[in-house]
J.: 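Here's a structure for you.
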Amino acid sequence: MADVEQMEAAGDHLQSAAGEKDIIEIIGMHKWYGDFHVLKDINLKVRQQERIVICGPSGSGKSTMIRCLNRLEEHQQGQIIVDGIELTNDLKQIDAIRREVGMVFQHFNLFPHLTVLENCTLGPIWVRETPKKEAEETAMHYLERVKIPEQALKFPGQLSGGQQQRVAIARSLCMSPKIMLFDEPTSALDPEMIKEVLDVMVELADTGMTMLCVTHEMGFAKTVADRVIFMDGGEIIEENEPHQFFDNPQHDRTKLFLSQILAH
Amino acid sequence: MASETATQKYEPGTHPDMKPPVLTSGPVYWLKENLFGSITSTILTLLAVYLLYLIIPPLFNWAVLDATVNAASRTECQQAGDGACWAFIKDRFLLLVYGFYPIEERWRVNLSFILLLVAIAAILWDAMPARRHFVKFSVAYPFVAAYLLLGGEWFGVPTGLEEVTTDQFGGIMLTVVIGITGISISLPIGIVLALGRIGNLPAVRVVCVMFIEFIRGVPLITLLFVASTMLTYFLPPGTEFNLLLRVLIMVTLFASAYMAEVIRGGLQAIPKGQYEAADSMGLKYWQAMRLIILPQALKISIPGIVNTFIGLYKDTTLVVVIGLLDPLGIAKSSLADNRWQGLSNEMYIFIALFFFICCFSMSRYSLYLENKLHTGHKR
């Protein structure tokens with residue numbers, strides 16, 4: 001425990017972009033799938049505009065943890081507070097949280113029967129009740145930001161993987177969320193497309209979005225992250241700012257993991 | 001000496017697109033490949049041609065060339081020729097189409113049918129001009145049709161049309177009434193049942209499962225018998241519940257149970273990620289269903305849905321066992337007529353033809369729909 005606090009203190013000084021307020025608080029969170037204890041005593045505080053990268057071996061519970069933040073998964077014990085609203089079974093609170101939290105999935109999950117533009121305007125029109133014209137203008141703005149405005153009237157099936165993922169990012173941004181969650185956004189992409197998606201994510205980070213990103217892209221972590229968190233077996237093993245994390249890992253598990261993934 | 005066109009050499013990356021050589025596409029090539037590709041193929045092709053030669057000309061002779069269209073009885077037909085006696089159908093045609101609907105009022109049936117085509121076109125045909133207004137008409141159509149076909153007094157208010165009781169309905173008109181009602185109402189009920197069955201509310205789930213399993217567990221005939229005989233024991237004595245209405249309810253509920261399972265299959269085929277993407281955006285349950293899940297699920301289920309519709313449409317012939325006179329019922333009584341005894345071939349071919357035209361049209365429309373919806377998903 002002392003180690004973690006030391007590291008956090010070290011990290012605090014270097015987080016110039018992060019605000020003061022905690023926008024996400026996870027306190028003593030446990031989760032079980034049946035009898036399987038998948039998340040053990042998760043404690044995490046995320047400040048506004050902080051960028052967090054979560055890494056770890058598969059099955060470590062990292063995706064499960066961020067999916068608990070927008071109630072795609074339920075936690076059985078502990079507290080999760082997002083933007084001041086506590087996550088319970090109350091549907092109203094869940095809906096309020098989901099409006100402020102955008103999510104980008106590994107397999108894009110675009111709606112195949114709608115055009116790219118319709119994918120992006122669906123949320124604002126039906127959840128935030130913006131008028132259609134305004135929603136379309138916002139959508140085109142974000143499609144330009146992810147550099148694919150000319151694809152607006154195409155269907156997702158006609159786009160490449162990298163383009164689809166960028167549409168997915170634009171779709172989440174159209175809801176003007178306060179927090180963006182990324183669940184292995186580049187894991188399903190061909191190597192030549194990974195760069196274009198990471199560029200978008202770096203640009204997004206520069207604008208001050210609070211981001212939690214589960215990824216294996218360590219280059220991205222070094223460039224953008226304020227904190228890197230290593231999870232294994234459902235626990236947070238280590239967290240630190242990137243330079244300390246990669247150059248000076250404290251725990252044996254972390255060292256083993258880093259040696260495995262940085263071998264390529 | 002044969003001369004070859006030399007294949008020109010191109011720099012890597014500059015090879016132009018060229019057309020394929022002539023003899024690998026086109027009708028002659030297709031015939032050669034598919035019908036005469038090997039010895040076995042050729043033998044089977046010749047055998048098939050021979051079988052067709054044995055079957056088709058005699059059939060054509062019987063059905064068309066030697067057939068009689070004008071005669072007053074079977075004996076007259078036999079005197080006139082060896083072929084089919086379509087005069088039988090001609091004689092019974094109006095009965096087969098309108099049942100016992102009063103002759104002077106048959107214009108109402110015709111009008112209802114034309115309006116039915118308009119109502120259907122509004123729903124199925126995308127390019128219809130002024131479609132929005134016609135769709136409103138389609139929603140109101142059931143009441144319009146009921147008013148036209150039944151007439152009489154509605155809640156004490158005379159409607160200006162003479163009353164026709166439902167026991168005067170019969171023939172093709174009856175089939176269309178039962179079929180269209182069953183088809184159009186079973187789809188929404190089926191969707192609700194399917195959503196209830198896979199939903200999160202245990203009470204709703206149990207009710208849906210029980211309903212679906214009970215209905216699927218018994219033949220439609222037993223349900224029709226229940227409708228026609230047993231229901232009167234459960235209702236207070238003296239209440240009269242129109243037989244046709246009872247049949248319509250039973251047929252609709254029957255189709256809904258099957259439809260629910262077809263749609264449930266479609267819902268389960270949607271990747272979980274679609275539900276998650278809809279949820280993470282903050283869409284509420286019915287919004288997510290309406291905008292994201294159901295459009296995709298119904299599109300996948302089209303073959304199963306149209307299959308159920310076609311089965312239902314033909315199952316309407318079962319009403320003959322409870323005394324409603326659909327075309328098969330009229331066929332039986334017509335064949336019992338002295339003048340036309342023994343002409344079952346003609347009668348059943350005619351009825352089969354009627355059903356084939358209807359069901360094949362539904363099939364073709366379903367393919368059109370699938371092609372139309374598939375353009376959005378081209379990879």
Side-chain angles (χ1 to χ4, degrees), chain A residues 63 66-67 69-73 89 91-116 118-129 153-160 164 167-168 171-177 179-181 183 188, chain B residues 13 124 126 132 191 194-195 198-204 263 265-305 366-379:
Chain A
S63 290
I66 69 165
R67 283 155 64 92
L69 293 176
N70 66 356
R71 205 67 173 181
L72 287 182
E73 305 280 356
N89 282 324
L91 282 177
K92 277 216 183 74
Q93 287 178 323
I94 295 176
D95 280 340
I97 289 175
R98 283 177 174 168
R99 252 173 267 158
E100 305 305 330
V101 176
M103 186 149 187
V104 177
F105 299 87
Q106 182 178 355
H107 295 288
F108 330 137
N109 291 338
L110 293 178
F111 306 130
H113 60 298
L114 301 174
T115 61
V116 161
E118 285 166 346
N119 262 277
C120 295
T121 56
L122 188 92
I125 291 176
W126 292 97
V127 182
R128 292 210 186 274
E129 294 178 359
L153 295 178
K154 290 208 180 143
F155 288 92
Q158 298 169 291
L159 303 180
S160 72
Q164 288 187 46
V167 171
R171 178 177 69 171
S172 297
L173 290 175
C174 285
M175 288 289 286
S176 308
I179 304 167
M180 283 286 279
L181 303 174
D183 187 0
Chain B
L124 302 183
D126 272 348
R132 286 183 153 265
I191 293 176
L195 289 176
I198 65 169
N200 284 325
L201 302 170
V204 174
I263 294 174
L267 286 169
Q268 285 173 181
I270 308 285
K272 195 157 165 263
Q274 292 290 305
Y275 293 91
E276 287 176 358
D279 283 345
S280 68
M281 218 185 261
L283 286 171
K284 297 200 185 30
Y285 179 76
W286 283 110
Q287 287 176 322
M289 283 300 148
R290 214 191 94 198
L291 297 167
I292 312 292
I293 307 297
L294 281 178
Q296 294 183 62
L298 290 176
K299 186 234 163 208
I300 295 178
S301 313
I302 287 175
I305 292 178
S366 139
L367 277 179
Y368 156 76
L369 197 61
E370 283 188 67
N371 278 330
K372 186 182 77 150
L373 295 176
H374 201 66
T375 53
H377 302 223
K378 280 212 176 76
R379 300 206 145 264

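Order of the sequence lines fixes the chain letters, A, B, ..., with proteins taken first and strands second; residue numbering starts at 1 for each chain. Values in this document were obtained by computation on a predicted structure and should not be read as measured data.
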J.: How many angstroms lie between CE in B:M281 and CE in A:M175, if you round to the nearest 0.5 Å?
T.: 7.0 Å
J.: By number, which residues in residues 284-294 of chain B have some heavy atom less than 4.5 Å away from chain A?
T.: B:K284, B:Q287, B:R290, B:L291, B:I292
J.: Between side-chain atoms of residues 270-277 of chain B and protein atoms elsewhere (two or more places apart, or another chain), which donor-acceptor pairs fall under 3.5 Å?
T.:
residue : atom : partner : partner atom : Å
B:K272  : NZ   : B:E276  : OE2          : 3.4
B:Q274  : OE1  : B:Q296  : NE2          : 2.8
B:Q274  : NE2  : A:L110  : O            : 2.8
B:Y275  : OH   : B:L267  : O            : 3.2
B:E276  : OE1  : A:R67   : NH1          : 3.0
B:E276  : OE2  : A:R67   : NH1          : 3.3
B:E276  : OE2  : A:R67   : NH2          : 2.7

J.: Would you compute the distance between atom OG of B:S280 and atom CG of A:L69 and round it to the nearest 0.5 angstrom?
T.: 12.5 Å
J.: Which atoms of A:R171 come close to chain B, meaning under 4.5 Å heavy atom to heavy atom: side chain ones, backbone ones, both, or neither?
T.: side chain
J.: Considering only heavy atoms, which portion of A:F105 lies under 4.5 Å from any heavy atom of chain B: side chain, backbone, both, or neither?
T.: side chain
J.: Under 4.5 Å, heavy atom to heavy atom, which residues of residues 94-101 of chain A contact chain B?
T.: A:D95, A:R98, A:V101
J.: For A:N70, enumerate each residue passing the side-chain hydrogen bond (donor to acceptor under 3.5 Å, both in side chains) test, keeping only those at least two apart in sequence or located in another chain.
T.: none
